[in-house]
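Hydrogens, waters and symmetry mates play no part in the numbers below; they use all other heavy atoms, side chains included.
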Number of protein chains: 2
Amino acid sequence: MGTGERKRREREEREELMISHAGRLLLRDGFQGLNLDELARAIEYAKGTIYQHFCTKEDLVLAVATRALQLRAELFERAAGFTGRTRERMRAIGVACCQFAVVHPKYFQLDLMLHSQSFWMEASPERRMAHGRMGERCFRVMDTIVRAARDAGDLPSGSDADAVKFSLVAVTMGSHAMALEPEIQRLCRLRDPLEATRRNQDLICDGLGWRPLLTDWDYAATDRRIRAEVFPEAAWLDVAAPGTSEPTPPAGRRRKGGRP
Amino acid sequence: MGTGERKRREREEREELMISHAGRLLLRDGFQGLNLDELARAIEYAKGTIYQHFCTKEDLVLAVATRALQLRAELFERAAGFTGRTRERMRAIGVACCQFAVVHPKYFQLDLMLHSQSFWMEASPERRMAHGRMGERCFRVMDTIVRAARDAGDLPSGSDADAVKFSLVAVTMGSHAMALEPEIQRLCRLRDPLEATRRNQDLICDGLGWRPLLTDWDYAATDRRIRAEVFPEAAWLDVAAPGTSEPTPPAGRRRKGGRP
DNA sequence: TCAATTATTGACTCAGAGTCAAAACGTGGA
DNA sequence: TCCACGTTTTGACTCTGAGTCAATAATTGA
């Protein structure tokens with residue numbers, strides 16, 4: 001009979017409700033501050049019902065994080081529609097990352113939280129796997145571009161696709177994470193976190209020998225095209241675009257050891 | 001009278017005891033698992049006495065983190081004693097970072113935890129400032145080298161010292177953090193986390209145009225010198241040294257799209 | 001309509017961070 | 001040596017919130 005089907009759907013909708021409300025509260029109060037009694041009240045179900053879906057608080061939060069990762073994957077896939085030189089296409093992914101950090105800053109912080117301690121231990125294997133699958137979706141997009149770059153000769157033929165992806169992921173997450181840190185902002189006199197992140201991506205790409213190099217191509221124009229073609233909503237790109245990756249000033253403008 | 005002096009010293013010794021024991025428990029059980037009742041029992045003081053030194057659990061943990069950062073600063077300062085080209089000297093700092101991650105892997109994870117949410121809010125301003133000061137110690141070492149590099153013409157004259165430091169910090173922390181993640185290890189088929197981190201540092205330096213570039217210098221020899229002169233205990237350097245930064249294989253060895 | 005099965009509930013347990021009134025200790029003066 | 005006063009230490013207590021589970025409600029099939 002069809003009853004079972006309806007039940008399954010209702011259950012799914014309720015889980016959806018729980019995840020989205022938990023997301024809201026999580027953004028507001030952080031992990032420690034997320035209160036399951038409050039969540040239960042907000043969604044008008046008993047706490048026990050929440051535990052019918054999620055084995056622990058961590059399990060619930062991981063589900064929220066996976067949802068966030070899904071948003072990221074969707075941005076990646078949109079960015080993958082951009083056409084141009086392979087490095088331009090990877091640049092579109094970089095823009096997608098920044099766009100994610102701009103639109104969902106708190107989700108980004110949540111992502112950082114996962115890189116710590118006992119989270120994974122407290123979550124169910126199913127949730128862990130679901131998260132892994134979403135990570136794969138993101139990596140697949142990058143992988144396609146990296147391989148295309150090698151095939152096109154834009155990347156040195158000896159490049160290890162996995163190593164290239166790792167470098168890009170590491171520099172991107174590291175830059176975002178450090179840029180969020182007030183202490184680092186102070187110590188590095190950081191103006192624009194997004195600009196700094198994108199510049200670091202540029203440095204890595206140049207270091208990898210991914211052609212065309214920063215000096216050989218007008219990437220500000222690329223950014224304008226990315227904006228126009230796949231991320232019309234990325235207003236922040238306008239601000240960063242003019243001075244992309246800090247043009248080397250005419251030699252001699254800076255004094256040797258000086259600083260204001 | 002001299003009694004006050006003795007009291008101050010005793011108080012300091014007790015705080016020391018608390019921090020070092022808290023560190024032990026923290027490494028064993030993580031932040032969530034750290035139990036102040038257990039700590040009190042271990043150091044044979046009442047819980048109330050702990051709260052005479054630290055306003056919250058977070059405050060205590062931040063003190064432990066600052067202690068860890070001190071260890072890192074000491075490694076940095078040792079590395080600063082290395083002589084050679086400016087990029088070699090910065091490389092010694094990179095080795096120091098890896099050495100820290102090798103010797104105190106858990107402390108490194110603790111460091112990552114600080115980059116999240118409400119920690120700083122729950123700690124006292126004094127502790128926050130103490131941590132900031134220790135961060136400055138690390139940055140000072142880097143700053144000296146970066147400025148020397150610019151003055152020597154090893155870095156382009158237009159380089160912004162703060163931006164260079166940010167790039168290095170971001171890539172290093174990001175690489176370490178990502179390399180610890182089992183999910184990332186799987187997705188990137190990561191063999192040796194340390195090697196990957198150091199390779200990313202190399203890429204950033206090359207991207208910055210920090211001479212001599214990877215292709216123009218025998219950095220494996222530099223690593224041997226670093227090992228001999230400042231980090232004799234860094235046995236892991238031996239393993240990574242031979243194949244530093246993945247030599248480009250003779251062209252044509254890899255098939256185009258293939259993967260086992 | 002009703003018994004059997006399944007789902008939901010929220011009062012309860014339990015762990016552990018943080019508190020504070022009472023007890024212990026130290027000090028200086030008689 | 002003893003006492004009175006201020007300071008430090010103590011651990012039983014409070015309070016919050018995650019996770020449980022027996023009681024209750026809803027659904028189903030006969």
Side-chain angles (χ1 to χ4, degrees), chain A residues 1-19 21-22 25-26 28-64 113 117-124 127, chain B residues 1-19 21-22 25-26 28-64 113 117-124 127:
Chain A
M1 85 213 53
T3 320
E5 178 53 28
R6 196 202 70 222
K7 283 225 171 163
R8 206 192 47 71
R9 207 180 52 243
E10 280 176 0
R11 193 188 151 81
E12 214 152 84
E13 276 163 16
R14 198 171 51 182
E15 189 159 309
E16 190 54 43
L17 180 74
M18 286 171 180
I19 293 175
H21 269 258
L25 295 178
L26 207 51
R28 204 190 62 193
D29 307 325
F31 176 72
Q32 293 272 6
L34 173 62
N35 182 330
L36 295 200
D37 287 293
E38 186 186 353
L39 173 60
R41 229 175 301 122
I43 61 176
E44 296 182 296
Y45 280 101
K47 192 153 66 153
T49 309
I50 296 176
Y51 279 90
Q52 221 119 60
H53 291 259
F54 307 99
C55 65
T56 59
K57 185 177 167 181
E58 282 84 356
D59 200 48
L60 167 60
V61 170
L62 181 57
V64 175
M113 193 171 59
Q117 48 177 1
S118 53
F119 239 91
W120 299 87
M121 272 172 39
E122 302 294 331
S124 65
R127 277 304 151 206
Chain B
M1 90 216 49
T3 320
E5 179 53 28
R6 197 202 70 225
K7 283 223 171 162
R8 206 192 46 72
R9 207 179 52 243
E10 278 176 3
R11 191 186 153 81
E12 215 151 84
E13 275 163 17
R14 198 171 53 184
E15 189 158 310
E16 190 53 44
L17 180 74
M18 287 172 182
I19 293 175
H21 269 259
L25 295 179
L26 207 51
R28 203 189 64 194
D29 308 324
F31 176 72
Q32 294 272 5
L34 172 62
N35 182 331
L36 294 199
D37 287 293
E38 185 186 354
L39 173 60
R41 228 176 301 122
I43 61 176
E44 295 183 297
Y45 280 100
K47 194 155 62 152
T49 308
I50 296 176
Y51 279 91
Q52 220 118 61
H53 291 258
F54 307 98
C55 64
T56 59
K57 185 176 166 181
E58 282 83 356
D59 201 46
L60 168 60
V61 171
L62 181 56
V64 175
M113 193 170 60
Q117 44 177 3
S118 55
F119 240 89
W120 298 87
M121 271 172 39
E122 303 293 331
S124 64
R127 281 295 156 211

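The distance between atom OH of Y45(A) and atom C1' of dT9(C), rounded to the nearest whole Å, is 12 Å. What separates CZ of R11(A) from P of dT6(C) is a distance of 14 Å, to the nearest Å. Rounded to whole angstrom, the span from the CG atom of D29(A) across to the C1' atom of dG17(D) amounts to 13 Å. Regarding E44(A), its CD atom lies at a distance of 10 Å from the P atom of dT9(C), rounded to whole Å. A straight line from CZ of R8(A) to P of dA7(C) spans 14 Å, rounded to a whole angstrom. Taking atom CG of L39(B) as the reference point, atom C1' of dG11(D) lies 15 Å away to the nearest angstrom. The interatomic distance linking H53(A) (NE2) with dT9(C) (C1') rounds to 13 Å, in whole Å.
Counting heavy atoms from C-beta outward, I43(B) and T49(B) have side chains that stay 4.5 Å or more apart. Between V61(B) and T56(B) there is no side-chain heavy-atom pair separated by less than 4.5 Å. Proximity of L25(A) to E38(A): side-chain heavy atoms (C-beta onward) are separated by under 4.5 Å at one or more points. Within the 4.5 Å cutoff, the side chain of E13(A) has no heavy atoms near those of the R8(A) side chain. Within the 4.5 Å cutoff, no side-chain heavy atoms of L34(B) are placed close to those of D29(B).
Remark: E44(B) CD is loosely packed, at most 12 non-hydrogen atoms of other residues, nucleotides or ligands lying under 6.0 Å away.
Under the salt bridge (charged side-chain N to carboxylate O under 4.0 Å, His left out) criterion, no residue pair touches residues 49-58 of chain A, with sequence neighbours excluded.
When the side-chain nitrogen and oxygen atoms of T49(B) are compared with OP1 and OP2 of dT10(D), one or more of them lie within a distance under 4.0 Å. Considering only side-chain N and O atoms, Q52(B) lies nowhere under 4.0 angstrom from the phosphate OP1 or OP2 of dT8(D).
Taking five base pairs at each end of the helix from dT1(C)-dA30(D) to dA30(C)-dT1(D), the local helix axes there meet at an angle of 20°, rounded to 10°.
Residue-level contact check: R14(B) touches the backbone only, with heavy atoms under 4.0 Å from sugar-phosphate atoms and none from bases.
Annotation: the span from R14(B) atom CZ to Q52(B) atom CD amounts to 7.0 Å, rounded to 0.5 Å.
A salt bridge links R127(B) and E15(B); the closest N-O separation between the charged side-chain nitrogens and carboxylate oxygens is under 4.0 Å.
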Summary of protein contacts for nucleotides 12-18 of chain C, nucleotide by nucleotide, where a base hit scores B, a sugar-phosphate-only hit scores S (4.0 Å, heavy atoms): ----SBB

